[in-house]
Amino acid sequence: MVCLELKNFPVDAKLFSNKTFNLSGTLLLSILAAVLSVAAIIFDWMAGNSSNPGGSLAIPMLFCAVAVAALGYWVVPMLQWLKTGQVIREDGPKRHLKKAGTPTMGGIFFIPVGLLAAVVWSGFSGEAIAACALTLAYATIGWLDDWQILRRKSNKGISPKMKLALLIGFGLLFCLWLALTGGENITSIALPFGLTLPLGFMFWPLAGFVLVAQSNSTNLTDGLDGLMGGTGAIAFLGLGAIVASTSIPLAIFCACMSGSCLGFLAHNRNPARVFMGDTGSLALGGALAAVALLSNSLWSLFIISGIFFVEAVSVMAQVGYYKATKGPDGIGKRLLKMAPMHHHLELSGWSEITIVAVFYSINCLLVWLAFLLR
């Protein structure tokens, strides 16, 4: 990430102060849990699944939320004992330096809970197993990265080229499995109002790109206490509601992952007692992409992932603009105070918890829009 100064960016810091909104991490988590629970119950009622645990979204979501929250009270102290403290970037926001030493690699307990529950709850469905396998593969890549960071005691894990190669490799294996199990007939993307976008063979390069891009965008979004956990919970529940009409197993998978993210927030809300690390953030992106590819709902995923998309684009724009404006002294101009976007807002005066609350709200609106345009 590249740091910068942009003094005249038009943001009223006072408007977005904690005193204005009077928020706390616990209150924000309570509101989010209530909203997601009510949304899941309403969807189950609309779909006629309120009394059918096998087709419900609310029941597996709440089960995983409770299971992960309870498990965290054992795992988080263990991570502290193992000295898995996060190494904070020196060029990041200075207020983040106080987070140094907070245990990371939290994905090792909330991701497996969601995957195991999804496999069992779906009746060992092939689609759910495929989504779980891709998620687990991406979680393993993230774990390798987290482990190298801890081992070297720096914020540099495995090399970017190695990480990209592993993401692409497992993504290609997933696409190959999809093609061999009937996905060879996928040649178009479903759009709103019954329209389709024909792609032919180009669907497969796009599929590989989506897997890698989605995992990297969720990885970039994981930069504030509770940000990726909460937006992930919202995104999974929304995607689950959208795909339920075509695949109950994938809807259950999404509900389980949503609940796991929600349970993780019991320990990751501001101030965080544990971070998910790349183990969690890469896995979440891979899981979302896998479900969208299995259900041919890439358009819905694109809308739901609006926050993740903006975060990724802000980094690319920052780096690209800096390189394009380099002068003879080798120094370029900077588009944002710091990338990704959430750090720019921090340095513009927004409080961390307010950024998270605003992003949650925007993500809820995006999910609602995606549901209407499904």
Side-chain angles (χ1 to χ4, degrees), residues 1 3-36 38-39 86 88-89 91-100 102 106 217-235 237-238 261-262 264-276 280-281 284 304-315 317-318 335-369:
M1 313 287 177
C3 182
L4 66 91
E5 294 184 2
L6 187 62
K7 298 181 179 179
N8 297 321
F9 191 82
V11 175
D12 187 348
K14 294 182 180 179
L15 179 63
F16 297 101
S17 66
N18 270 354
K19 293 182 180 179
T20 302
F21 287 98
N22 194 28
L23 281 172
S24 70
T26 302
L27 175 60
L28 186 57
L29 171 59
S30 300
I31 294 172
L32 179 63
V35 169
L36 293 184
V38 170
Q86 177 70 56
I88 304 298
R89 291 169 44 219
D91 61 340
K94 299 306 179 185
R95 70 178 71 174
H96 284 208
L97 294 177
K98 65 182 180 181
K99 299 182 181 184
T102 302
S217 64
T218 51
N219 181 235
L220 291 170
T221 304
D222 182 35
L224 300 178
D225 294 353
L227 181 56
M228 187 58 234
T231 53
I234 297 167
L237 183 61
C261 289
L262 193 59
F264 180 68
L265 285 176
H267 309 281
N268 182 242
R269 70 184 187 278
N270 186 278
R273 296 176 58 238
V274 65
F275 301 138
M276 69 171 63
S281 58
L284 294 180
I304 289 172
S305 301
I307 292 291
F308 313 141
F309 177 76
V310 169
E311 293 277 69
V313 168
S314 69
V315 173
Q318 176 83 319
L335 194 61
L336 302 172
K337 292 183 177 180
M338 184 177 290
M341 179 58 72
H342 58 258
H343 286 328
H344 172 78
L345 296 176
E346 271 192 287
L347 296 181
S348 296
W350 292 37
S351 69
E352 183 172 343
I353 197 167
T354 301
I355 296 171
V356 173
V358 171
F359 278 30
Y360 283 4
S361 301
I362 294 173
N363 214 34
C364 286
L365 293 175
L366 291 172
V367 165
W368 177 70
L369 178 62

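From a predicted model like this one, the values you see are computed outputs, not experimental measurements.
- By the side chain to side chain contact (heavy atoms under 4.5 Å, CB included) test, Val38 pairs with Ile42, sequence neighbours left out.
- Under the rule for a ring pair (Phe, Tyr, Trp, His ring centres under 6.0 Å), the partners of Phe309 that lie at least two apart in sequence or sit in another chain are Phe302.
- The two residues Leu284 and Cys261 have their closest heavy-atom pair at CD2-SG, 3.7 Å.
- Residue Asn270 holds its CG atom at 5.0 Å from CD1 of Ile353, rounded to the nearest 0.5 Å.
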Going through the distances and angles, do Leu366 and Ile304 end up as a side-chain contact (heavy atoms from CB on, under 4.5 Å)? CA-CA 5 Å; Leu366 291 172; Ile304 289 172; 5.7 Å; no

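- Annotation: the span from Ser314 atom OG to His343 atom NE2 amounts to 9.5 Å, rounded to 0.5 Å.
- Results of the side chain to side chain contact (heavy atoms under 4.5 Å, CB included) test with Tyr360 over Ile307, Thr231, Ile355, Val35 single out Thr231 as the only residue that passes.
- Side-chain N or O atoms of Glu311 include one that pairs as donor or acceptor with a backbone N or O of Met341 at under 3.5 Å.
- Between atom CZ of residue Phe359 and atom OG1 of residue Thr221 there is a gap of 8.0 Å, rounded to the nearest 0.5 Å.
- Minimum heavy-atom separation, Gly106 to Val274: CA-CG2, 4.0 Å.
- For the residue pair Thr354 and Ser351, the shortest heavy atom distance occurs at OG1-OG, 2.5 Å.
- In terms of heavy atoms, Met338 sits closest to Gln318 at CA-NE2, 4.0 Å.
- Pairs of residues two or more places apart, or lying in two chains, that qualify as salt bridge (charged side-chain N to carboxylate O under 4.0 Å, His left out) and include a residue from residues 224-233 are Lys99-Asp225.
- Minimum interatomic distance between Leu237 and Ala39 (heavy atoms only, all atoms of both residues): CD2-CB, 4.3 Å.
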CA sep, side-chain torsions, deciding dist, call: Leu369, Leu365, side-chain contact (heavy atoms from CB on, under 4.5 Å): CA-CA 6 Å; Leu369 178 62; Leu365 293 175; over 6 Å; no

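- For Ser281, the side chain to side chain donor-acceptor pair (under 3.5 Å) criterion is met by Asn219, not counting sequence neighbours.
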Report all side-chain donor-acceptor pairs from residues 27-34 shorter than 3.5 Å, counting only partners two or more places apart or in another chain.
unit_1	atom_1	unit_2	atom_2	d
Ser30	OG	Thr26	O	2.9

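- Judged by distance alone, the side chain of His344 and the main-chain N or O of Ala339 form no donor-acceptor pair under 3.5 Å.
- Between atom CD1 of residue Ile234 and atom CG of residue Asn363 there is a gap of 5.0 Å, rounded to the nearest 0.5 Å.
- Between Phe264 and Phe275, the closest heavy-atom pair is CZ-C, 3.7 Å.
- Under the side chain to side chain contact (heavy atoms under 4.5 Å, CB included) rule, His342 has a single partner from Val358, Leu224, Asp222, Val356, which is Leu224.
- With sequence neighbours left out, Ser217 forms a side chain to side chain donor-acceptor pair (under 3.5 Å) with no residue at all.
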Verdict with reasoning, Phe308 to Met228, per side-chain contact (heavy atoms from CB on, under 4.5 Å): CA-CA 9 Å; Phe308 313 141; Met228 187 58 234; 3.6 Å; yes

